[in-house]
Amino acid sequence: MSKLRVAVLGAQGRIGSEAVRAVEAAEDMELVAALGRGDKLETLTEAGAQVVVELTTPGSVMDNLDFCVRHGIHAVVGTTGWTEERLAQLRTWLAASPETGVLIAPNFSIGAVLTMKFAQIAAPYFESVEVVELHHPHKVDAPSGTATRTAQLIAAARAEAGLGAQPDSTATGLEGARGADVDGVRVHSVRLAGLLAHQEVLLGGEGETLTVRHDSLHHSSFMPGILLGARRVTTAPGLTFGLEHFLDLG
Ligand SMILES: NC(=O)C1=CN([C@@H]2O[C@H](COP(=O)(O)OP(=O)(O)OC[C@H]3O[C@@H](n4cnc5c(N)ncnc54)[C@H](OP(=O)(O)O)[C@@H]3O)[C@@H](O)[C@H]2O)C=CC1
Ligand SMILES: O=C(O)C1=N[C@H](C(=O)O)C[C@H](O)C1
């Protein structure tokens, strides 16, 4: 059977360099290009890439996906910075290239995907919930894409269960002390040397709390998800948001 022809964008970055090694080690894949900033996107078509793994920056990802979709190259995207406007733009591009698939995964690690799922399940049963994400100090964005997605999923689960606003009598204080408000869920961002990527979902109710915590201790935690995404995206036309859809978690 012929090998899947995979290219990595952001190949010199923290996660991109790990992805290059993972693709090279995968028996069913061939690494056909490993591009950094300034490298020509035309290399992707010249190399016959079938799938691009996009691990660059929020400032670069849209141009890269525009090129990939126009050329019918499937994409597995870990880069953060997704807004409704950006997703709408991507859907427009995909509508003009209906056989092309794009997977955007806020987090490729199985534990983080399960954290989001567990938080969604628990959310209707607790009146209070806050998200704390903790990352290495070189991370460019805050809150993390994972924390934003987690908060959105919690907010949707609360709304579906008919829960109202959370109890919080804070009236005054320093700006930022209560974190960012994502759809009514507070998200707190810690940047600390020694950390990689971590998240806690704190849920509170009458006389009890529940904490769901996940720790990515090495970039290798993201690799099985990236490889799974590359294998599955070729038969999933259109936009898939979240690795859970390829894990059959719903
Ligand atoms: N979904 C997930 O599971 C994960 C997602 N991420 C996300 O992945 C992204 C990258 O993170 P990280 O590796 O830590 O960041 P890095 O800054 O280490 O890596 C990004 C790399 O992309 C390069 N780059 C920028 N623009 C382009 C371009 N147009 N073409 C090719 N390469 C480009 C950068 O080059 P230069 O240095 O010259 O700017 C850099 O080498 C972030 O958005 C992060 O949040 C990270 C881990 C897991
Ligand atoms: O920049 C990182 O490191 C990570 N980014 C992603 C995010 O913003 O959620 C995924 C993971 O948290 C690591």
Side-chain angles (χ1 to χ4, degrees), residues 7-22 33-44 49 52-68 73 75-83 86 102-116 119 131-153 180 182 187-201 213-230 233 240-247:
V8 176
L9 292 184
Q12 281 91 47
R14 276 177 289 270
I15 184 169
S17 52
E18 188 77 22
V20 164
R21 285 189 286 276
L35 306 187
R37 189 188 283 280
D39 289 339
K40 284 196 168 62
L41 289 172
E42 287 71 23
T43 307
L44 300 172
V52 155
V53 178
E54 218 290 350
L55 301 165
T56 63
T57 62
S60 298
V61 65
M62 292 305 279
D63 285 349
N64 290 340
L65 290 182
D66 182 17
F67 181 92
C68 289
I73 303 172
V76 172
V77 183
T79 305
T80 46
W82 290 99
T83 60
R86 283 182 164 218
V102 173
L103 165 69
I104 298 174
N107 202 303
F108 287 111
S109 83
I110 180 69
V113 173
L114 288 172
T115 299
M116 289 186 254
V131 178
V132 185
E133 56 97 340
L134 313 90
H135 280 82
H136 60 89
H138 306 292
K139 183 165 174 56
V140 288
D141 56 341
S144 70
T146 308
T148 303
R149 182 67 178 155
T150 305
Q152 289 168 342
L153 292 171
V182 179
V187 179
H188 309 268
S189 297
V190 177
R191 296 292 174 265
L192 200 71
L195 296 181
L196 180 60
H198 317 258
Q199 177 164 288
E200 282 189 2
V201 181
R213 180 177 172 111
H214 175 256
D215 299 274
S216 266
L217 305 171
H218 190 272
H219 278 102
S220 56
S221 63
F222 305 114
M223 297 306 124
I226 288 179
L227 297 182
L228 172 73
V233 75
T240 302
F241 197 93
L243 187 67
E244 61 272 22
H245 300 290
F246 288 174
L247 293 167

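Atoms within each ligand, like the ligands themselves, are counted from 1 in listed order. Residue indices begin at 1 and follow the sequence shown.
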Legend entry - Candidate with minimal heavy-atom separation from atom 6 (N) of ligand 1, of G78, G59, G81: G78
Legend entry - Validation row: T80, P106 side chains within 4.5 angstrom (heavy atoms): no
Legend entry - Close N or O approach (D141, ligand 1; < 3.5 Å): no
Legend entry - Identity and separation of the nearest protein heavy atom to atom 37 (O) of ligand 1: R37 NE, 5.0 Å
Inset, instruction - Under 4.0 Å, heavy atoms only, figure out whether ligand 2 is touched by the backbone of T80, its side chain, both or neither. - result: side chain
Legend entry - Option of least heavy-atom distance to atom 10 (C) of ligand 2 (set: S144, G145, P106): P106
Inset, instruction - Grab the two heavy atoms, one from I226 and one from A19, that are nearest each other, plus how far apart they are. - result: CD1-CB, 4.4 Å
Inset, instruction - Can you pull out the closest protein heavy atom to atom 17 (O) of ligand 1? Residue, atom name and distance to 0.1 Å, please. - result: R14 NH2, 3.7 Å
Legend entry - Side chain H218, main chain S221, donor-acceptor under 3.5 Å: no
Legend entry - Audit row: T43, L35, side chain to side chain contact (heavy atoms under 4.5 Å, CB included) steps and yes/no: CA-CA 8 Å; T43 307; L35 306 187; 4.0 Å; yes
Legend entry - Step-by-step side chain to side chain donor-acceptor pair (under 3.5 Å) determination, T150 to Q199: CA-CA 10 Å; T150 305; Q199 177 164 288; 2.9 Å; yes
Inset, instruction - Heavy-atom distances under 4.0 Å are what count here, so tell me which part of P106 touches ligand 1: side chain, backbone, both or neither. - result: backbone
Inset, instruction - Provide the number and element of each atom of ligand 1 under 4.0 Å from a heavy atom of G13. - result: 13 (O), 18 (O), 19 (O), 21 (C), 41 (O)
Legend entry - Minimum heavy-atom distance between V233 and F246, given as atom pair plus value: N-CE1, 3.9 Å
Legend entry - Heavy atom of protein closer than 4.0 angstrom to atom 29 (N) of ligand 1: yes
Legend entry - 4.0 Å heavy-atom contact, R14 with ligand 2: no
Legend entry - Pick from I226, I15, L243, V76: the one approaching atom 4 (C) of ligand 1 most closely through a non-hydrogen atom: I15
Inset, instruction - Can you pull out the closest protein heavy atom to atom 3 (O) of ligand 2? Residue, atom name and distance to 0.1 Å, please. - result: H136 NE2, 3.1 Å
Legend entry - Which segment of F222 sits under 4.0 Å of ligand 1 when only heavy atoms are counted: side chain
Inset, instruction - Within a distance under 4.0 Å of any heavy atom of F108, pick out the atoms of ligand 1 and give their elements. - result: 1 (N), 2 (C), 3 (O)
Inset, instruction - Closest by any non-hydrogen atom to atom 1 (O) of ligand 2: pick that one out of K139, E133, H198, R149. - result: K139
Legend entry - Donor-acceptor contact below 3.5 Å, side chain S60 vs main chain T57: no
Legend entry - Nearest-contact summary for atom 9 (O) of ligand 2 - protein heavy atom, Å: T146 OG1, 2.5 Å
Inset, instruction - Identify the protein heavy atom lying closest to atom 23 (C) of ligand 1, giving its residue, its atom name and the separation to 0.1 Å. - result: G10 CA, 4.0 Å
Legend entry - Closest approach of any protein heavy atom to atom 45 (O) of ligand 1, naming residue and atom: K139 NZ, 3.1 Å
Legend entry - Nearest non-hydrogen partners of F108 and G78, listed with the distance: CE1-CA, 3.4 Å
Legend entry - Under 3.5 Å: donor-acceptor pair, side chain of E133, backbone of A147: no
Inset, instruction - Compare every heavy atom of R191 with every heavy atom of L134, then report the nearest pair and how far apart it is. - result: C-NH1, 4.4 Å
Legend entry - Where ligand 2 meets N107 - atom numbers and elements under 4.0 angstrom, heavy-atom basis: 10 (C), 11 (C), 12 (O)
Legend entry - Side-chain donor or acceptor of T56 paired with backbone N/O of G10 under 3.5 Å: no
Inset, instruction - Considering non-hydrogen atoms only, spot the tightest contact between P143 and S189 and give its length. - result: CA-OG, 3.4 Å
Legend entry - Distance from atom 43 (O) of ligand 1 to nearest protein heavy atom, with residue and atom: T80 OG1, 2.8 Å
Inset, instruction - May I ask you to identify the nearest protein heavy atom to atom 12 (O) of ligand 2, giving residue, atom name and distance to one decimal place in Å? - result: H135 NE2, 2.6 Å
Legend entry - Pick from G229, P58, A105, S60: the one approaching atom 26 (N) of ligand 1 most closely through a non-hydrogen atom: S60
Legend entry - atom 34 (C) of ligand 1 protein-contacted, heavy-atom criterion under 4.0 angstrom: no
Inset, instruction - Heavy-atom distances under 4.0 Å are what count here, so tell me which part of N64 touches ligand 1: side chain, backbone, both or neither. - result: side chain
Inset, instruction - Would you confirm whether R149, through its side chain, and M116, through its main-chain N or O, come within 3.5 Å as a donor-acceptor pair? - result: no
Inset, instruction - Report the member of T79, T56, L41 with the shortest heavy-atom distance to atom 10 (C) of ligand 1. - result: T56
Legend entry - Those atoms of ligand 1 less than 4.0 Å from some heavy atom in G36: 30 (N), 31 (C), 32 (N)
Inset, instruction - Could you tell me which non-hydrogen atom of G242 sits nearest to which non-hydrogen atom of L103, and how far apart they are? - result: O-CD1, 3.8 Å
Legend entry - N107 side-chain N/O to S109 backbone N/O, donor-acceptor pair under 3.5 Å: yes
Legend entry - Residue portion contacting ligand 2 (non-hydrogen atoms closer than 4.0 Å) for A197: side chain
Inset, instruction - Please examine the side chains of M223 and I15, heavy atoms only from C-beta on, and report whether any two atoms are closer than 4.5 Å. - result: yes
